[in-house]
Amino acid sequence: MRKHTVLITEAELVASPPERVYAVLEERARTSKGTWDDGGFDECIEKNLLDRNEPLIDLALAKFCKYGETAAMLFNRRSERDEPIIDLASARFSKYHETAVPIFNQTPATGTKGAHEQALRLAVLSNHHLDGVFRSGRIPWCAFNSHGVGIFEWLSKANDAELQALFTNPSIDQNFLLGFLEGKDAWVAMNEPRRFLAIQFLANNKRMSESYFGDLDGSAEYSYNSVFFAAWNLAETLPATRTNAIALGGLLDVTQCYGLEMKDPLAIALRWTPAADDKEGKEDEEKLHKNGYAWGYPLVRKSLARLASKKQTSSRSTLLNHADPAVRDAAYEFFEMKLDEIRVAYDLDKILAVNSCLRNDFVWRTTENRQALYGISWKACGELNNSYMDTVNAYNFQEKRQMKLHPDWFSEEVNEVGKSALPASKADIEALTQAVGRNEYLIRESTTLMNHQVSDIFDRLRWVWWFALGALVGSLSHQFI
């Protein structure tokens, strides 16, 4: 017997305008996400809404329907109507492989119709709502069938957009992804340039940076983390070419390292150095100090140094004083830096140290460290003749971000929005003096920025003058008592 609440809801929706129905179905999908609670609905309501034959209601059902029968009926009506947006919504949002499989496997067309069908295929490959409904329903298996017949042949011919849609999908099948990273069928099916693309796309998949979040199931957590282990193991197994370094550096830079066992990451990092005749690889090394950002070979070594710091396989002193600037780069970004260490880091690595310390949350936690960071940000602009004030702008951006995330760290320093109550330091004045002496400050933009800095320093020195005046008055008063 249907509940009375369901009958009331059905009567209301059948009589409601399409816009109202869309809003209700959208809210129902949001509030019941991750549960099997029908929210006062049943499959009869969805069928009756489908019978209204309203394009906006059909679109809502394509995106938010909860029952496979509705998705199947909606898909079977494709021949009766010409509503490409509804097909696209089914491909992108449907939870049911009964919809995804026929859409993905329809006969390719040409011209304008072909472009639309290509978009439908991409929508299926990027659909993360299919995850968890049925074991056979995960991407990419569901795009073929429950056994994945034909998937590796397709993978060998898939275009760049299809690879991107698949490898950036956070719900990509775990076993498929693990097999790819371990060099099994999916890896073998692709040639080297396509593997390079797949690894690059995977670096933009949030699945690689998110910790396990699910049931208290040790086996499930281990399986989830096994993908991370396989990604890190590529540092040992991939040929250490510049092309692989570019792809692998981006992937390891974002990949979780929780629970990972790797005996000596710094020893593995030695593999990832350019050969003597690798001109482009050598240029990547030079850019590390020139631009202050790791990329390619240096980024692989930095990532392995991050792993060493997390696993404590190398001491703090070893990383901070390492001969390789890429290793020091990791230490500056991930260690809890002391005041003197920030200054030493700047003297040794200049803009590299500034950029890394700016991203280090530990540095932002104390007033004295923030003041040191502020000083070296200005100093870098002066010493490197950077008229665009990149490091100062980066400091201001990070300061606003940290204030928003951790207002308690700044509770004693902020008196006005956008202004600091920290006393001006000697480093502030020295940095400003160097900047004033440069010809770049003749341009209007830099002059405006310099005026703001002068004003800020004067504001922060004002308390010193008032304190000195008070001391002088006190001293004179004692002379007449």
If you apply the rule side chain to side chain contact (heavy atoms under 4.5 Å, CB included), what do you find for Glu27 with Arg30, and how did you get there? CA-CA 5 Å; Glu27 177 64 13; Arg30 185 187 67 81; 2.5 Å; yes

Under 3.5 Å, is there a donor-acceptor pair between the side chain of Trp272 and the main chain of Ala235? yes

Show me the pairs that pass ring pair (Phe, Tyr, Trp, His ring centres under 6.0 Å) and involve residues 9-30, at least two apart or across chains. Tyr22-Phe64

For Gly292, is there any backbone N or O sitting under 3.5 Å from a side-chain donor or acceptor partner on Asn355? yes

Applying salt bridge (Lys or Arg N to Asp or Glu O under 4.0 Å), run through Arg328 and Asp324 and close with a yes or a no. CA-CA 7 Å; Arg328 298 196 300 271; Asp324 185 355; over 6 Å; no

Which pair of non-hydrogen atoms, one from Leu358 and one from Ser377, has the smallest distance, and what is that distance? CD2-OG, 4.2 Å

Is there a donor-acceptor pair closer than 3.5 Å between any side-chain N or O of Asn205 and the backbone N or O of Arg207? yes

Looking at Glu162 and Asn159, would you say the former's side chain and the latter's main chain have a donor-acceptor pair under 3.5 Å? yes

dist Leu166:CG -> Ile172:CD1 (nearest 0.5 Å) comes out at 4.0 Å

Lys302 and Val327: side chain to side chain contact (heavy atoms under 4.5 Å, CB included), yes or no, with the steps? CA-CA 5 Å; Lys302 175 185 177 180; Val327 174; over 6 Å; no

For the pair Glu285 and Arg301, evaluate salt bridge (Lys or Arg N to Asp or Glu O under 4.0 Å) and give the outcome as yes or no after the intermediate values. CA-CA 11 Å; Glu285 299 288 337; Arg301 302 199 306 274; 2.8 Å; yes

Counting only heavy atoms not in Glu192 (residues, nucleotides, ligands), do more than 12 fall under 6.0 Å from its CD? no

Does either side chain, that of Arg370 or that of Gln402, offer a donor lying less than 3.5 Å from an acceptor on the other one? no

Assign the ring pair Tyr374 / Trp378 to parallel, tilted or perpendicular, where the plane angle (0 to 90°) is split at 30° and 60°. tilted

For a 4.5 angstrom cut-off between non-hydrogen side-chain atoms, does Glu280 reach Asp278? yes

Heavy-atom closest pair (Met337 atom, Ala331 atom, distance to 0.1 Å) is SD-O, 4.0 Å

Apply ring-ring contact (aromatic ring centres under 6.0 Å, His included) to Phe167 and Phe201, showing your working. CA-CA 6 Å; Phe167 281 93; Phe201 293 143; 7.7 Å; no

Look at the side chain of Gln256 and the backbone N and O of Ser209, then say whether any donor-acceptor pair between them is shorter than 3.5 Å. yes

Identified side chain to side chain contact (heavy atoms under 4.5 Å, CB included) counterpart of Ile57 within the set Leu49, Ile86, Leu13: Leu49

How many angstroms lie between NE2 in His128 and OG1 in Thr168, if you round to the nearest 0.5 Å? 11.0 Å

Between the side chain of Asn48 and the main-chain N/O of Cys44, is any donor-acceptor distance below 3.5 Å? yes

Pair Glu46, Arg52 - check salt bridge (Lys or Arg N to Asp or Glu O under 4.0 Å), show working. CA-CA 10 Å; Glu46 291 190 346; Arg52 292 184 59 178; over 6 Å; no

Given salt bridge (Lys or Arg N to Asp or Glu O under 4.0 Å), test Arg271 with Glu236 step by step and report yes or no. CA-CA 8 Å; Arg271 297 184 65 230; Glu236 295 187 74; over 6 Å; no

Flag this pair as yes if the NZ/CZ of Arg242 is under 6.0 angstrom from the six-membered ring centre of Tyr297 and inside a 45 degree cone about the axis; otherwise no. no

Atom of Pro298, atom of Ala326 and distance for their closest heavy-atom approach: O-CB, 3.4 Å

Using only heavy-atom distances, determine whether the side chains of Ser356 and Glu333 contain a donor-acceptor pair under 3.5 Å. no

Donor-acceptor pair, distance only, cut-off 3.5 Å: does the side chain of Trp364 make one with the backbone of Gln398? no

Is it true that, when you exclude Arg92 itself, more than 12 heavy atoms of the residues, nucleotides or ligands shown sit nearer than 6.0 Å to its CZ? no

Taking atom CD1 of Ile8 and atom NZ of Lys3, what is their separation to the nearest 0.5 Å? 12.5 Å

Report yes or no: does Asn169 contribute a side-chain atom to a donor-acceptor pair with the main-chain N or O of Ala165 at less than 3.5 Å? no

Salt bridge (charged side-chain N to carboxylate O under 4.0 Å, His left out) involving Glu336 - partner list, sequence neighbours excluded: none

Can you name the residues that form a salt bridge (charged side-chain N to carboxylate O under 4.0 Å, His left out) with Lys350, not counting sequence neighbours? Glu383

For Asp390 and Cys381, the nearest pair of non-hydrogen atoms, with its separation, is N-SG, 4.2 Å

In terms of heavy-atom contacts, Thr255 and Ala231 come closest through CG2-CB, 4.2 Å

Without swapping roles, check the side chain of Arg195 against the backbone of Met190 for a donor-acceptor pair under 3.5 Å. yes

Starting from the C-alpha separation in whole Å, work towards a yes-or-no answer on side chain to side chain contact (heavy atoms under 4.5 Å, CB included) for Leu248 and Trp232. CA-CA 9 Å; Leu248 185 61; Trp232 284 101; over 6 Å; no

Hey, is the main chain of Leu352 close enough, under 3.5 Å, to the side chain of Asp349 for a donor-acceptor pair? no

